[in-house]
Amino acid sequence: MESLFGDQYDNKDEKSNLFADIILPVPIPKMFTYKIPRNLAESIGIGFRVIVQFGKKKILTGIIGRVHQKPPTSYDAKPILDLLDNHATVNPIQIRFWAWMAEYYCCHIGEVMNAALPSGLKLSSESKIQLNPTFDPDTSPYPLDEREELLLQALANKEEMSYEDCEAVLGIKSIHGILKSLVIKEAIIVFEQVKEKYSPKVESRIRFSHEHVKDKKLLEALFNEIAGKPKQEEILLKYLQEVPVYKKPELNQKGLEKKVISDAGLSASSLKTLIKNGVLEEFKIIISRFEEEEGSNEEIVLSSEQEEAFQQIKKEFEDKNTVLLHGITGSGKTELYITLIKEVLAGGSQVLLLLPEIALTTHMVGRLRQVFGSSMGVYHSKYSDNERVEVWNGVLSGKLSFVVGVRSSIFLPFDSLGMVIIDEEHEPSYKQFDPAPRFQARDAGIMLSWLHQSKTLLGSATPSFETFHNAKTGKYGYVSLEKRFGEAQLPDYYLADILVDKKKNLLKLDFTRLMREKIQEALNNQEQVLIFQNRRGYAPYISCEDCGWIPECEHCDVSLTYHQFGEEMRCHYCGFKEKVPHACSACGSNKLSAVGLGTERIEESLSLLFPEARVARMDLDTTRSKYGYQRLLEDFGSGNVDILVGTQMITKGLDFDRVTVVGIMDADRILYFPDFRAGERAFQQITQVAGRAGRRDKKGSVIIQTRKPEQAIFGQIISGDYKSFYLQEMGERQRFFYPPFVKIIKITTRHKDYKTAEKSARYLHNLMGDIQVKKILLGPEKGLIGKIKNQYIFESIVKLDRTGNAQAHFKQELLHILEEMQAHKDFRGVRFVVDVDPY
DNA sequence: AGCACGCCGACT
DNA sequence: GTCGGCGTGCTC
């Protein structure tokens, strides 16, 4: 592997001519070559963090991607300014991983770096100004104008000011000229301030000054001395009580957290005096942001089914790198994972377990923590940056050999992965949409695993078709785990026909009679209910009953969603908000009605239908805060809520014994999504949410409301017949050229002017047509949403042959085309986005 | 992406 | 007349 980058220490005598290709977090498709100064040559290597100047003044953190001796021919390389650490922050495998990702997903390696490194590890500079100490306004030969005076005054009582501060002081946008003039007049100095963003958590502690613990007599003397000062004595006694240095003098080294003294209500000023007089000393240590916790080291006992699956997995791994574990909900995958993880860790390798975002808040992590204690790292998107840096460093130092995390945890600096486990592998949230790199963490995880010569286990109750196809064709191993753990039974399904009930006048506030009866039954039995509707807000739009007018977003091509909470109309694409109109803007009629079903409305309807029930709602709007989701879950878990309404958030990881009824408000909405994956997703979503119904002792009920109960997919979902559903859908996919039979690349063209957007998309489309590769080219078509944030959107879809190097060739050509187009003035300001394997 | 340099409108 | 708008070109 080393040879990929050249052996940088080949010729030690010529180290003065060393150059480094550096990855910088900028969206420019190349690395940048800098000169390695003599004094750094010995201590530098691939993956080291360095500081370089980029452009006229910007200072950036870069990562050494390659070291070589070839001086650039067309320009003068700038020197590396400094080295940030005495070790590599990124290992060679990661650099290869980044390079692969940039190439595969058609983005720049700098963008990958940006996504990979927690921002705490990327420092950058900010321009600041300060007063020139030699400047004296009275003797200065240069006259100052009003604004310059103003700025100097503002600066007079400050150490420094940022450009933003200056703008604020002067109240104008362009301060450059003024600053320049002040520099020429030698009144100020402009400098770059580099800020290290990561700050370790520091704890203040106290202990006896050295000589006092050397022998007991000294301590006794000390107490005699201090006897007249009760407050100080109290503090010393408290210290001795917490840290028995009489018995074990070595304990003094670690001291006592300073906070303990103030928490005990003892005098802070007396403590200060003790420190001032040299009796105690204060010192600081760096502590972890994560609590220390012992693992339980318990013996995991697998059921016979689990044990069998476990053995099968191991057997499959003998000749396959990737294995799919097809295990139905509640089959106890967690225990299986734990057993596997333990085994890999015992072998001295690292393990990465990927989970979808919300699953990270649930009991699975708690269970893992119980077993692995703080040797397990958790990498969460809601973590602060400092916390992320600590996980990063934990993996780097070897302290954390096992990490559970969301999709971005594939970027952690593992150096010897033994296994990557991707749970709920079918989850769409593994795909990153925006910004680049638009990677699929499941696929990237398999690649990462391959780079480590490690194994990948994919787990799902409803595998993605891509994965299942790979398993069927023998590319992946396949193990199924069919029995529900602990004798829990599969739920009963009921199809409730919305149209029939409507005709019979049995539909009340969008609830069919069957649904209402089942809910009532559960309530009577003190059981809980989940209601699923994948749409937030009150109603997706409101409409004028007289003329059909619908309020739309000013910036996007969508109707505004009515949110009862806060009484406003909101755009779910750009965040635009406005007041709810009282009359139609087109005809003035005041007959405006809310159309369609959102979670808010369902919540309201439930309160009306079941006034005695406690109803709660879980969607993006109620879980925005860091612990919003967890709080709602706890409320529900503790039985403070009878009915929980929610979006797809409720479909995952909610394992509560008392849920016996799950209602799906509008299955058709999931099914008729204009996307080739709609069927697959419907199957997955409905199965997932249904899996929440009924546990151990009680069979659950799942009520699916639909307008077309005769559709085959329902029968397949109900009988859990994933395979026949799969076969049927795959027939379609093959006929109409959809993945996994082809590779899809989506190219989006965006511009604020409709005509320009359309013209650019056409032009690009034609050029793509000329690429000599077997392909199907569709479009360019106006986006599903024609305009978002005032940008008109066009899309082209390319379907590529999976075999050979068609993909690689096409991508390469495409990037050339885009580069050229972007340089052309006709397409100035046009944004092109390439999405490989889009969702 | 930033951030410079460079050429045109609306204010003193 | 200048200030200040932003178009366009480059970054090792």
Side-chain angles (χ1 to χ4, degrees), chain A residues 17-37 40 44 48 50-82 102 106-115 117 119 122-129 143-148 150-151 162-164 166-167 170-184 190-195 434-438 750-753 756 791 818-834:
Chain A
N17 303 327
L18 279 182
F19 295 89
D21 292 346
I22 296 179
I23 305 166
L24 294 173
V26 287
I28 301 166
K30 53 179 163 183
M31 294 201 218
F32 294 85
T33 307
Y34 283 80
K35 210 186 305 197
I36 300 178
L40 295 181
I44 218 166
F48 277 63
V50 291
I51 302 183
V52 294
Q53 186 173 68
F54 185 69
K56 280 242 159 66
K57 48 198 260 186
K58 202 82 192 150
I59 310 261
L60 293 176
T61 306
I63 297 282
I64 308 266
R66 210 167 75 93
V67 178
H68 58 87
Q69 296 175 341
K70 212 168 75 210
T73 49
S74 53
Y75 55 87
D76 237 5
K78 284 184 185 168
I80 288 172
L81 296 180
D82 210 348
C106 295
C107 66
H108 315 303
I109 197 161
E111 293 173 311
V112 180
M113 167 183 174
N114 237 344
L117 284 185
S119 45
K122 290 172 291 195
L123 34 87
S124 63
S125 68
E126 189 185 10
S127 299
K128 295 267 180 89
I129 62 165
L144 298 173
D145 72 19
E146 225 174 280
R147 281 189 293 201
E148 290 171 348
L150 190 62
L151 202 59
S162 70
Y163 280 25
E164 283 85 52
C166 298
E167 284 169 9
L170 295 178
I172 55 166
K173 206 87 171 90
S174 46
I175 47 162
H176 257 85
I178 298 158
L179 295 184
K180 209 165 171 180
S181 146
L182 281 170
V183 170
I184 292 167
V190 176
F191 67 103
E192 292 295 302
Q193 190 175 66
V194 177
K195 40 185 196 276
D434 214 37
R438 297 177 171 78
R750 244 182 284 180
H751 194 262
K752 61 180 190 296
D753 175 65
T756 311
Q791 301 266 311
L818 289 178
E819 214 172 293
E820 270 172 37
M821 281 186 73
Q822 230 130 38
H824 196 90
K825 68 173 171 24
D826 282 7
F827 307 110
R828 192 122 300 144
V830 179
R831 279 257 297 152
F832 298 104
V833 171
V834 180

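Letters A, B, ... mirror the listed sequences (proteins, then strands); counts begin at 1. Note: hydrogens, waters and symmetry copies are ignored here, and every other heavy atom, side chains too, is used. Here the structure is a predicted model, which means the values were calculated and not measured.
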Can you tell me how far apart CG (L60(A)) and CG (L24(A)) are? Round to the nearest 0.5 Å.
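Going from CG on L60(A) over to CG on L24(A), the span is 5.5 Å.
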Distance, nearest 0.5 Å, that separates CD1 of I51(A) from CG of L81(A):
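Taking CD1 in I51(A) and CG in L81(A), the distance rounds to 7.0 Å.
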Over how many whole Å does the gap from [X] atom [atom1] to [N] atom [atom2] extend?
| X | N | atom1 | atom2 | result |
| --- | --- | --- | --- | --- |
| Y34(A) | dT11(C) | OH | P | 11 Å |
| I28(A) | dA1(B) | CD1 | C1' | 7 Å |
| D21(A) | dT11(C) | CG | P | 16 Å |
| L60(A) | dT11(C) | CG | C1' | 10 Å |
| H108(A) | dC12(C) | NE2 | P | 17 Å |

N/O donor to acceptor pairs below 3.5 angstrom from side-chain atoms of residues 818-827 of chain A, sequence neighbours left out:
unit_1  : atom_1 : unit_2  : atom_2 : d
Q822(A) : NE2    : V830(A) : O      : 3.4

Mind listing the N/O atom pairs, protein and nucleotides 5-7 of chain B, below 3.5 Å?
none

Taking for each residue the nucleotide of DNA chain B bearing the nearest heavy atom, is the 5' side occupied by K57(A) or by F54(A)?
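The 5'-side residue here is F54(A).
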List in chain and number order the residues that pass side chain to side chain donor-acceptor pair (under 3.5 Å) with [X], two or more places apart in sequence or in another chain; answer none if no residue qualifies.
| X | result |
| --- | --- |
| D434(A) | R438(A) |
| D21(A) | T33(A), R66(A), H68(A) |
| K57(A) | S127(A), Y163(A) |
| D753(A) | T756(A) |

Please enumerate all residues that pass ring pair (Phe, Tyr, Trp, His ring centres under 6.0 Å) together with F54(A), with sequence neighbours excluded.
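With neighbours one apart ignored, the set is F32(A).
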Do any side-chain nitrogens or oxygens of K58(A) fall under 4.0 Å of OP1 or OP2 in dC3(B)?
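The answer is yes; a side-chain N or O of K58(A) sits under 4.0 Å from OP1 or OP2.
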Got a sec? Which of residues 821-834 of chain A come in under 4.0 Å of DNA chain B, heavy atoms?
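The answer is none.
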Mind listing the residues from residues 70-80 of chain A sitting with a heavy atom below 4.0 Å of DNA chain B? Number order is fine.
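Hits under 4.0 Å, by residue number: none.
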Go through the structure and list residues passing salt bridge (Lys or Arg N to Asp or Glu O under 4.0 Å) with R750(A), not counting sequence neighbours.
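Checked R750(A) against salt bridge (Lys or Arg N to Asp or Glu O under 4.0 Å); zero matches.
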E111(A) versus P27(A), closest heavy-atom pair with distance:
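Closest heavy-atom pair between E111(A) and P27(A): OE2-CB, 3.9 Å.
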Non-neighbouring partners of K78(A) that pass side-chain contact (heavy atoms from CB on, under 4.5 Å), sequence neighbours left out:
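Once residues adjacent in sequence are excluded, the partners of K78(A) under the side-chain contact (heavy atoms from CB on, under 4.5 Å) criterion are Y34(A), Q53(A).
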